[in-house]
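Read through the structure below, which is laid out as structure tokens, and then see the notes.
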Amino acid sequence: MRALEILEFFKRVRQPRAMSEIAAALGYPQSSTTVLLKTLITLGYLNFDRRERLYFPTVKVTSLGDWVPRALFGSGRVIEAMRDVHAATGETVSINTKNDIYLQYVQIVQSVHALRFHVDEGAMRLLTESAVGWLLMSTMPDDKIDNVIRRANIATSKAADRVKVGDMMAKIKTIRQQGYCSVENLPFLGGGTICVLLPVTIQGQPVVLGLGGALERIRQNHDRYLSVLQKAAKTVVPSDPFDQPVEIEF
């Protein structure tokens, strides 16, 4: 776990760092941090500049996952669709899928606007706590949605954030009818999200293309943003074994 946390730390800072800085940032004892860093150097995942006493990942880290985009996104049209939406809106745009009772932000292009909400790539959020999660749940049979909501409520630390099954099912019924989801002040107060389903799956799971930003900006551009998302989704065509159409069960 600590080895992965060190690699994720470098993903965030994107600069060489000293052992003491790594240990302090992650809350590790300096002695065990030194041992772990030496191990990662031996395995070829970190480079150590002895003169500056700084560590930085090597290209071997990249090689661990350079095959993943093809496996996940097939022809690459999914990524192009995301970039098209970003170019047309400047908002934070993401590719998202389901991971048990969570949604996971698989790929993100951050907003260029001054007022924005930052989400880390790979981050996860309960399905009940965002528009993207609601849209993902809308692809599931009702009995499975009921189970997901109950499990998500158990995993929710704040009682006020737990949702009622009946209320959630009513929202999902509306989402199914309109074919997209648009929500204000969720998951961030003062923010808005609009999202649509893509006609592909990632590892058998439905995929959502979404954008989010400051609420006032989302309100002013809602119809245009929705149109941009829908047009981008239509450009994604299943083209290989990794790109399979979504089958929505009711």
Side-chain angles (χ1 to χ4, degrees), residues 1-83 86 91-114 116-126 129-130 132 155 157 187-188 201-205 207-210 212 240-243:
M1 181 183 72
R2 287 184 170 181
L4 290 173
E5 286 178 343
I6 285 176
L7 296 180
E8 289 181 345
F9 166 77
F10 278 111
K11 180 183 177 182
R12 293 194 300 272
V13 300
R14 302 190 178 191
Q15 291 180 345
R17 286 289 187 266
M19 180 277 294
S20 58
E21 294 175 297
I22 298 169
L26 299 177
Y28 297 166
Q30 292 200 6
S31 56
S32 58
T33 303
T34 299
V35 173
L36 182 53
L37 292 173
K38 286 182 178 179
T39 301
L40 289 172
I41 291 170
T42 301
L43 293 173
Y45 293 111
L46 289 183
N47 175 269
F48 179 56
D49 183 331
R50 189 168 296 277
R51 184 171 63 86
E52 300 292 337
R53 305 196 65 79
L54 296 175
Y55 297 84
F56 195 70
T58 69
V59 292
K60 187 175 181 179
V61 174
T62 305
S63 69
L64 285 174
D66 58 6
W67 57 274
V68 174
R70 171 64 184 173
L72 292 182
F73 304 122
S75 65
R77 183 54 235 177
V78 172
I79 299 298
E80 291 175 17
M82 178 180 67
R83 289 173 178 162
H86 184 264
E91 303 290 357
T92 297
V93 185
S94 60
I95 301 294
N96 317 271
T97 191
K98 186 167 70 71
N99 188 343
D100 192 28
I101 61 172
Y102 300 89
L103 75 92
Q104 186 160 22
Y105 300 94
V106 178
Q107 195 91 2
I108 294 178
V109 180
Q110 301 293 347
S111 172
V112 299
H113 296 289
R116 58 185 177 178
F117 297 90
H118 182 86
V119 179
D120 289 326
E121 209 166 78
M124 298 203 294
R125 190 183 307 279
L126 287 167
E129 296 181 350
S130 79
V132 171
S157 56
F188 304 109
T201 61
I202 292 178
Q203 296 177 317
Q205 297 296 338
V207 184
V208 167
L209 175 65
D240 62 34
F242 294 110
D243 296 337

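Basis for what follows: all heavy atoms, side chains included, without hydrogens, waters or symmetry-related copies.
Closest heavy-atom contact between Leu46 and Ile6: CD1-CG2, 4.5 Å. Taking each heavy atom of Phe188 and His118 in turn, the nearest pair found is CZ-O, 4.3 Å. Of all heavy-atom pairs spanning Ala23 and Thr33, the tightest one is CB-OG1, 3.6 Å.
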Pair Arg2-Leu26, side-chain contact (heavy atoms from CB on, under 4.5 Å): steps then yes or no: CA-CA 9 Å; Arg2 287 184 170 181; Leu26 299 177; over 6 Å; no
CA sep, side-chain torsions, deciding dist, call: Val61, Leu7, side-chain contact (heavy atoms from CB on, under 4.5 Å): CA-CA 8 Å; Val61 174; Leu7 296 180; 4.0 Å; yes
Audit row: Arg77, Glu80, salt bridge (charged side-chain N to carboxylate O under 4.0 Å, His left out) steps and yes/no: CA-CA 5 Å; Arg77 183 54 235 177; Glu80 291 175 17; 2.9 Å; yes
Trace of the side-chain contact (heavy atoms from CB on, under 4.5 Å) decision for Met124 with Asn99: CA-CA 8 Å; Met124 298 203 294; Asn99 188 343; 3.4 Å; yes
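For Glu21 (side chain) and Ala18 (main-chain N/O), a donor-acceptor pair under 3.5 Å exists by modelled atom type. No donor-acceptor pair closer than 3.5 Å links the side chain of Ser94 to the backbone N or O of Asn96.
Considering only heavy atoms from C-beta on, Arg17 stays 4.5 Å or farther from Leu54 through its side chain. The shortest side-chain heavy-atom distance between Asp120 and Tyr105 does not fall under the 4.5 Å cut-off. Using a 4.5 Å heavy-atom cutoff, the side chains of Val208 and Thr97 are not in contact. Residues His86 and Ser111 have side chains not in contact (no heavy-atom distance under 4.5 Å, counting atoms from C-beta outward). A heavy-atom distance below 4.5 Å is not found between the side chains of Met19 and Arg53. By the 4.5 Å heavy-atom criterion applied to side chains, Glu52 and Pro16 are not counted as neighbours.
Put simply, NE2 on His113 and OG1 on Thr92 are 8.5 Å apart, with the number rounded to the nearest 0.5 Å. Annotation: the span from Glu121 atom CD to Gln104 atom CD amounts to 10.0 Å, rounded to 0.5 Å. The structure places CZ of Arg116 at 11.0 Å from CD of Glu91, a figure rounded to the nearest 0.5 Å. In this structure, OG on Ser130 lies 13.0 Å from OH on Tyr102, to the nearest 0.5 angstrom. One distance of note links CG of Leu37 with OG of Ser32; it measures 9.5 Å at 0.5 Å rounding. In this structure, CD1 in Ile101 is found 5.5 Å from CG in Leu126, a value given to the nearest 0.5 Å.
Within 6.0 Å of atom NZ in Lys60, more than 12 heavy atoms from other residues, nucleotides or ligands are found, so the atom counts as buried in its surroundings.
Ring geometry for Phe56 against Phe10 counts as perpendicular: the plane angle is over 60°, on a 0 to 90° scale with 30° as the lower cut.
Classification of Glu8 and Lys11 as a salt-bridged pair fails, no side-chain N sitting under 4.0 Å from a carboxylate O.
Judged by the 6.0 Å and 45° rule, Arg50 forms no cation-pi pair with Tyr55.
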